[in-house]
Amino acid sequence: MMSGGSRLAFGPGLTLAVDEGCVQLTTPRPLWTLSSALVGGGFGWRRHYCNFHVDKDYAGHAPARDLATWLEARRIPSGEAMAMMTAVRLEHLAVVEGDGILAAVTAGAGNAVDITAPLEGDPRPVGTINTLVFLDGCLTDGAMVNACLSASEAKVRALQSLEVHDPHSGTPASGTSTDCLAIAATQTGAQTPYAGSGTRLGRELGLVVYRATREALLASREWRRDAEQRAVPHG
């Protein structure tokens, strides 16, 4: 999915722009955000949500500084931004919308990992699942954490549905070793203290993230399979 810029059917005018270097989602006013990103991590009000592409051989020793530099190059104020990075091809971005929910996911499983497997002797290639979730609602901070749990559970279910395994341990994968997640809420409407699987919001969020993660993983899998076939000499 490549786009010069388009408006998405979500809440306060969310726009999407995708080029070879970055996926950028922007809102006209800040959203309350919880993220594991290196730039804009933790809780904060954010307007710009960026997922930068890096080469598969990227070995930056200061990734947060690199992200800040890339934001500056695009004239994006770092104080209003959340930035993550991926080696996944950005045209494989999957965007899925639900009732007051939108998920944007880039995913590659070459770095798939079972979080319960031993760490010793575990070499990891580049690959990651980056998940951005936008909620048109008012969540307490506890509910924001709850939403992170729901999104993570949905990601695991998507991996299970595609039978993705940790190539090192041979066991079912629960994610990759470099996954990143952000939950952004408009903070409008009645406040909700919960967003887990026991709530309608949690179930809808889970379904949207599940569908987006599956779509992104399948796109990456198909591209890798085609690339491997093209690399086989014919004679």
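Numbers for residues simply follow the sequence, beginning at 1. Just so you know, these numbers use all the heavy atoms, side chains as well, and skip hydrogens, waters and symmetry mates.
Remark: the backbone N or O of Ala195 is paired with a side-chain donor or acceptor of Asn146 at under 3.5 angstrom. Between the side chain of Thr192 and the backbone N or O of Ala143, no donor-acceptor pair lies under 3.5 Å. Between the Thr176 side chain and the Thr178 main chain, a donor and an acceptor come within less than 3.5 Å of each other. Side chain of Asp179 to backbone of Ile129: a donor-acceptor contact under 3.5 angstrom is found. The backbone N or O of Ser197 lies less than 3.5 Å from a partner atom in the side chain of Arg203, making a donor-acceptor pair. Between the side chain of Ser220 and the main chain of Leu217, no donor-acceptor pair closer than 3.5 Å is present.
Residues Ile183 and Ser35 fail the side-chain proximity criterion, which asks for heavy atoms closer than 4.5 Å.
Between Trp32 and Trp45, the angle of the ring planes lies from 30° to 60°, which puts this pair in the tilted group.
No more than 12 heavy atoms of other residues, nucleotides or ligands shown are found within 6.0 angstrom of CD1 on Ile115. In Gln191, the CD atom is crowded: over 12 heavy atoms of neighbouring residues, nucleotides or ligands sit closer than 6.0 Å.
Donor-acceptor pairing under 3.5 Å is recorded for the side chains of Asn51 and Thr106.
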- request: For the pair Tyr49 and Thr33, evaluate side-chain hydrogen bond (donor to acceptor under 3.5 Å, both in side chains) and give the outcome as yes or no after the intermediate values.
  value: CA-CA 10 Å; Tyr49 300 84; Thr33 303; 2.6 Å; yes

